[in-house]
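Working notes, beginning with the structure itself.
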Number of protein chains: 2
Amino acid sequence: MECVADDLFKALADPTRRTILDELTESSGQTLFEICSRLSMRHGLGLSRQAVSQHLAVLEAAGLVETRREGRYKFHDLNTAPLREITERWLAPGESAPEESTP
Amino acid sequence: MECVADDLFKALADPTRRTILDELTESSGQTLFEICSRLSMRHGLGLSRQAVSQHLAVLEAAGLVETRREGRYKFHDLNTAPLREITERWLAPGESAPEESTP
DNA sequence: TTGATAGGCAAGTGAACACTTGCCTATAGT
DNA sequence: ACTATAGGCAAGTGTTCACTTGCCTATCAA
């Protein structure tokens, strides 16, 4: 019950991953190379392909990104649903089930 | 513009800090020792006083906790306002100013 | 088949982080 | 005065994390 939240908040902790979410918000369904070049072009982030790939894996583990494969392409789609947990936990106290056990 | 978000998301990344936010949601205005004992009693977290103090400092840097001093007591109050940035950034695309520069 | 493109796996490195221990300051009760 | 309570500062430690480098697989075009 905490393991999910743990992945979610850990995914959001990195600024590069948040920028990736921004880019996917603007244009969902991008490939790894598209995201790489957008990070480089528009944000000056000269990261290696693997670095971005690892970031996407973290975002996928958090449920914030979903992937679909077509041939040799892998498209990345944004899923904002997990973010609603944040809203319901502290911004709307007493609507859902809060309370967290141990880390 | 990113420095604020960086503190915010970093603060939320730790499960102990999220539990502290839960406790302050339930009862705002607690002292350091109150928070310590509640973490121990209700969540089985046997942390040192300093550990909790450092967590509170991180939460305060993120703007999620505000403090007021009275005599030798220091009370900690919850402030959920910074959390709305998350909602406005990805859950309501195009209402506020998104776009992040570099990490 | 050859070569180019899109992506994956795994080990290594340096920095950031959570937590501890030890000592110090300030307020309050006796 | 003395003692206990509430909190702060700072150095040390072990772990986690972001990122790189090197090599390997799979799809498509010539």
Side-chain angles (χ1 to χ4, degrees), chain A residues 2-3 5-21 23-24 29-40 43-62 64-77 100 102-103, chain B residues 2-3 5-21 23-24 29-40 43-62 64-77 100 102-103:
Chain A
E2 166 57 28
C3 45
D6 212 46
D7 287 341
L8 172 62
F9 289 103
K10 199 176 297 180
L12 293 172
D14 187 85
T16 302
R17 284 195 288 268
R18 294 197 296 273
T19 304
I20 292 175
L21 292 182
E23 287 302 320
L24 288 179
Q30 298 185 54
T31 67
L32 173 59
F33 278 84
E34 282 182 283
I35 297 171
C36 277
S37 58
R38 284 177 83 126
L39 289 178
S40 175
H43 301 275
L45 295 174
L47 294 168
S48 70
R49 180 177 52 84
Q50 275 73 10
V52 179
S53 180
Q54 285 166 11
H55 280 309
L56 287 170
V58 173
L59 289 169
E60 193 172 4
L64 289 166
V65 162
E66 288 165 356
T67 59
R68 55 196 153 90
R69 247 219 137 103
E70 285 178 27
R72 60 175 162 173
Y73 297 104
K74 191 182 181 184
F75 300 104
H76 300 266
D77 297 297
E100 181 172 327
T102 83
Chain B
E2 167 55 31
C3 45
D6 213 43
D7 287 341
L8 172 63
F9 289 104
K10 199 177 297 181
L12 292 172
D14 187 85
T16 301
R17 284 195 287 269
R18 294 196 296 273
T19 305
I20 291 175
L21 291 182
E23 287 302 320
L24 288 179
Q30 298 185 54
T31 68
L32 173 58
F33 277 84
E34 283 181 283
I35 297 171
C36 278
S37 58
R38 283 176 85 124
L39 288 177
S40 174
H43 301 276
L45 296 173
L47 295 167
S48 71
R49 179 177 52 85
Q50 275 72 10
V52 179
S53 179
Q54 286 167 10
H55 281 308
L56 287 169
V58 174
L59 289 170
E60 193 173 3
L64 290 167
V65 162
E66 289 165 355
T67 59
R68 55 194 154 92
R69 243 213 141 112
E70 285 178 27
R72 62 175 161 172
Y73 297 103
K74 190 181 183 185
F75 300 104
H76 301 264
D77 297 296
E100 181 173 329
T102 82

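Please read these numbers as outputs of a predicted model, since none were measured by experiment.
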Legend entry - Whether A:Ser40 side chain and A:Cys36 backbone form a donor-acceptor pair below 3.5 Å: no

Legend entry - Length of the line joining B:Asp7:CG and C:dA16:P, which is rounded to integer Å: 14 Å

Inset, instruction - Return yes if some donor-acceptor pair links the side-chain N/O of B:Gln30 with the main-chain N/O of B:Glu23 below 3.5 Å, else return no. - result: yes

Legend entry - Side-chain donor/acceptor of A:Gln50 to base of C:dG8, under 3.5 Å: yes

Inset, instruction - State, yes or no, whether a side-chain contact exists between A:Phe75 and A:Thr31 at a heavy-atom distance under 4.5 Å. - result: yes

Legend entry - Atom-pair distance (CG on B:Asp14; C1' on D:dT15), nearest Å: 13 Å

Inset, instruction - Take the protein atom NZ of B:Lys10 and the nucleotide atom P of C:dA15, then report the distance between them rounded to whole Å. - result: 15 Å

Legend entry - Nearest listed nucleotide, side chain of A:Ala51, among D:dC19, C:dC19, D:dG22: D:dC19

Legend entry - Interface with DNA chain C, restricted to residues 53-60 of chain A and to heavy atoms under 4.0 Å: A:Ser53

Legend entry - Distance, nearest 0.5 Å, that separates OG of A:Ser48 from CD of A:Gln54: 7.0 Å

Inset, instruction - Would you name the heavy atoms of A:Ala62 and A:Asp7 that are closest together and state the gap between them? - result: CB-O, 3.5 Å

Legend entry - Any B:Ser48 side-chain nitrogen or oxygen under 4.0 Å from OP1 or OP2 of C:dC19: no

Inset, instruction - Ignoring backbone atoms, establish whether A:Arg17 has a side-chain N or O less than 4.0 Å from OP1 or OP2 of D:dA18. - result: yes

Inset, instruction - To the nearest 0.5 Å, tell me how far B:Leu32 CG sits from B:Thr67 OG1. - result: 11.5 Å

Inset, instruction - Answer yes or no: is there a donor N or O on one side and an acceptor on the other, between the side chain of B:Arg17 and the main chain of B:Lys10, under 3.5 Å? - result: yes

Inset, instruction - Please check if the side chain of A:Arg18 supplies one atom and the backbone of A:Ala13 the other of a donor-acceptor pair under 3.5 Å. - result: yes

Legend entry - Gap between atoms CG and P, on B:Leu39 and C:dA18 respectively (whole Å): 15 Å

Inset, instruction - Using heavy atoms to find the nearest nucleotide of DNA chain D for A:Arg49 and A:Glu70 separately, return the residue whose nucleotide is more 5′. - result: A:Arg49

Inset, instruction - Give the rounded distance in Å between these two atoms: NE2 of B:His76 and C1' of D:dG8. - result: 12 Å

Set out, line by line, the N/O atom pairs under 3.5 Å between protein and nucleotides 1-6 of chain C.
unit_1, atom_1, unit_2, atom_2, d
C:dT5, O2, A:Arg72, NH1, 3.2
C:dA6, O3', A:Arg72, O, 3.4

Legend entry - Nearest-Å distance for atom pair CG/P, residues A:Asp6 and C:dC17: 16 Å

Legend entry - Nearest heavy-atom neighbours spanning A:Leu12 and B:Phe9: O-CB, 3.4 Å

